[in-house]
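Structure first, then comments.
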Amino acid sequence: MAVLEVHNITKSFGKTVVLKGIDFSLEQGKVLSIIGSSGSGKTTLLRCLTSLETADTGKIMVDDKVVFDSESSVKLTRQEKRENQLKMGLVFQSFNLFPQYNVLDNVMLAQRLAAKEREDYKANKKEILQEIERHSREIINSVGLSEKINNYPCELSGGQQQRVAIARALALNPHILCFDEPTSALDPELTNEVLSVIKSLAARDMTMIIVTHEMTFAKEVSDHVIFMDDGVICEQGTPAQVFENPKHQRLQEFLGSFQK
Amino acid sequence: MFVEVLSALNEGFLKTLELFGLTLAGALPLGLVIAFGSMSRFTPLKALVRTFVWIIRGTPLMLQLMIIYYFPGLIFGNNIWGTGEGGRFIASIAAFVLNYACYFSEIYRGGIQGVSKGQYEAGQVLGMTKTQVFFRVVLLQVIKRILPPISNEVITLVKDTSLARIIAMQEVIWAGQAFMKSDGIIWPLFFTGVYYLIFSGILTLMFGYTEKKLSYFRE
C-alpha cells in the first residue's frame, strides 16, 4: 500500500521554475533516495513534502489522506495543519538543534508542548510527562547517545548532533521520516555513525525519503532511487537499475562525476 | 559641610536613579514594539518606523530634551508637561524613553534577525506554533545575543541622565553644581563622578554575571 502519493508538484520562486511536475509514490516501510546535482530541485521537493514550502500546484496524500491539494479551497484548522505536519518528520543538513536545551530536552520539547493541548493533561500531568521522558530516553538510547543525555548541543560532535536531531524527529512518530542531505555538513569519519543509524531505521522498516550525495550509501540502503534533473524526475528505479544500468545520459554523466 | 554635600548629592542621585529606572522600564518594551514595526512586512509602517528611528538616532538627545520640553508650551501655548520640577521630570522621561527605545529597537532587530532560519523551521516541522517557537526557542538565543550591546547602552544611559540638567531637572550634577554657585566650592561637582562610577560598576558586574549564566550554550 502506498503510504505517500505525490501528484504533479510544481514550485517556482519568482521567475525560476524549480519543480516542473513531480509524481511518485512510496510504499510503507520502504526507503526512497533522491539523488541529483545541486539545483535540481531535490531539497525544494523535500521542503514541499514537509510543508516548509507551499507547492504552487499538485496534491500530496499520506495514508490515503490529503495533506496538501492546491485545488482544494478547504481551510484547515490549526490542529489539522499540525496533524498533517507531524505525519512527516524532517532531519536537516545543519541539524538545527535548539542550543539552549540539553539532548533530552531537545527531544522532549515538542512532545511536551503538544501534550499540553490534551484534554486530560491537567488530570494526568505527572503520568503524561513521565511517559514522554521514558519514550524520549528510549529513543535517545536507540541512536546510541544515552551517555550524552544531559549534554548541550555545543558539547557534541556533528555526528552526535545529527543523531540527536534524528531522535528528536523520531520521537514524534512520523509516518515518513525525511532527510535533507543529513551528512553533508559532516566529515567522512562522522558520516558513518549517522549513516549507520539511518540503516538501522531501514532495518526496522521505517518509511524514509533521503536526499543524499552519498551514492554508495544510497545504493545500499534504498529500495527505490529517484534521479532528479532540472526540476523533473529524469530517471527512477531500483538501486540496481539506476546505479548499474543508467539509461538517461544526464544520469550517466552524474554518476560518472562520482567515479573521478 | 561634607555631610551637607553628601545629603544634597544623594537626593540628586535619587532623581538620577528614578530617571534611569523609569527610562528602562519604558524603553525596553517600547523598543521591542518599534523593532517589530521596523521588521513589518507592511511597507508604509516599516518606512514610517525606520524614518522615526533615523530622526531620533540622528539628532542629539540634548536637543530632543529641549524640543520635547519647550515645544508644546512655546508653540501651542500649552505646556502639557505641567509646571515646576514635576513637569520637567515627566518631559525628561518622555524624551529618554523615546530616544533609548529607538536604540534598543535596532539592537533587538539585529538579535532577532540573527537567529538562524533553521531554528524556526525546526520548530515548525516539530509541530510547534510560531508563538511557541518564539518564546521557547528563539527568545533566549536573542537575549544571549543582545546582552553585550544592551549592557553598553544601559551604562551609557547612566551617564546620559545628566543631560536632563539642560532643562533644569535637579539630578546629581545639578545638585553638585549648586554648591559652586552658593558656596564657591567645586569638589562637590567633581564628587558626583564617584556616584556614576560606583553605579556603572555595579551594573557591569550584574551584566557580567548574567552573561556568564547564559554561557552554558553556544549557537
Side-chain angles (χ1 to χ4, degrees), chain A residues 43 46-47 49-53 78-102 105-117 150-156 161 164-165 167-174 176-180 185, chain B residues 28 32 35-36 39-43 46 104 107-151 206-219:
Chain A
T43 294
L46 209 58
R47 290 172 62 87
L49 295 177
T50 51
S51 311
L52 288 177
E53 304 284 354
R78 203 180 77 64
Q79 187 59 32
E80 285 168 327
K81 271 190 192 162
R82 179 153 81 181
E83 272 171 26
N84 288 340
Q85 180 81 64
L86 290 179
K87 286 178 183 169
M88 312 290 285
L90 177 62
V91 173
F92 298 84
Q93 180 179 346
S94 51
F95 328 138
N96 295 338
L97 294 178
F98 304 136
Q100 71 267 44
Y101 295 114
N102 65 23
D105 288 333
N106 259 283
V107 176
M108 291 199 303
L109 179 67
Q111 299 177 75
R112 283 187 159 174
L113 292 173
K116 275 189 184 167
E117 284 175 32
N150 293 317
N151 285 79
Y152 289 90
C154 62
E155 299 163 338
L156 304 177
Q161 289 190 48
V164 176
R168 185 175 69 171
L170 279 175
L172 297 167
N173 302 317
I176 302 164
L177 186 53
C178 304
F179 295 83
D180 185 12
Chain B
L28 285 169
L32 196 59
F36 283 125
M39 291 185 288
S40 170
R41 276 187 218 152
F42 182 55
T43 325
K46 182 165 123 178
F104 287 148
I107 295 176
Y108 290 147
R109 190 165 68 85
I112 292 171
Q113 289 179 340
V115 173
S116 89
K117 220 175 130 218
Q119 294 287 306
Y120 295 92
E121 291 183 346
Q124 189 193 329
V125 296
L126 293 169
M128 292 159 67
T129 64
K130 284 192 173 135
T131 321
Q132 286 172 337
V133 174
F134 185 79
F135 284 105
R136 298 306 192 103
V137 175
V138 174
L139 187 61
L140 194 63
Q141 295 178 44
V142 173
I143 291 174
K144 183 181 163 87
R145 271 165 185 273
I146 66 175
L147 214 55
I150 288 279
S151 86
M206 277 166 57
F207 275 109
Y209 176 77
T210 318
E211 269 181 50
K212 210 170 165 196
K213 274 271 160 190
L214 287 177
S215 68
Y216 71 90
F217 73 88
R218 278 196 314 274
E219 284 171 49

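Order of the sequence lines fixes the chain letters, A, B, ..., with proteins taken first and strands second; residue numbering starts at 1 for each chain.
Taking all atoms of both residues into account, the shortest heavy-atom contact from B/Thr129 to A/Arg78 is CG2-NH1, 2.7 Å. Heavy-atom minimum distance, A/Cys154 versus B/Arg218: O-NH2, 3.5 Å. Of all heavy-atom pairs spanning B/Gln124 and A/Ser51, the tightest one is NE2-O, 3.1 Å. Taking both residues in full, the closest heavy atoms of A/Arg168 and B/Ala122 are given as NH2-CB, 3.5 Å, listed atom of the first, atom of the second, then distance. Across all non-hydrogen atoms, the minimal contact from B/Val125 to A/Thr50 is CG1-O, 4.2 Å.
Proximity to chain B (any heavy atom under 4.5 Å) is restricted, for A/Glu117, to the side chain, taken from C-beta onward. For a residue to count as touching a neighbouring chain, one of its non-hydrogen atoms must lie under 4.5 Å from one of that chain's; by this rule A/Lys116 touches chain B with the side chain only. For A/Tyr101, the part lying under 4.5 angstrom from a heavy atom of chain B is the side chain only. A/Phe92 touches chain B through its side chain: at least one heavy atom from C-beta onward sits under 4.5 Å away, while N, CA, C and O do not.
Distance check: A/Gln85 CD to B/Met128 CE gives 12.0 Å after rounding to the nearest 0.5 Å. The distance from the CZ atom of A/Arg112 to the CD atom of B/Gln132 is 13.5 Å, given to the nearest 0.5 Å.
Shown are B/Val138, B/Val137, B/Leu140; of these, the side chain to side chain contact (heavy atoms under 4.5 Å, CB included) with A/Phe98 is made only by B/Val137.
With sequence neighbours excluded, the residues forming a ring-ring contact (aromatic ring centres under 6.0 Å, His included) with B/Tyr216 are A/Tyr152, listed by chain and number. Remark: A/Arg47 engages A/Thr43, A/Leu52, A/Glu53, B/Lys117, B/Glu121 in a side chain to side chain contact (heavy atoms under 4.5 Å, CB included) (not counting sequence neighbours).
Considering only heavy-atom pairs separated by less than 4.5 Å from chain B, the leading option among A/Leu172, A/Asn102, A/Leu113 is A/Leu113.
Proximity of A/Leu109 to B/Leu126: side-chain heavy atoms (C-beta onward) are nowhere separated by under 4.5 Å.
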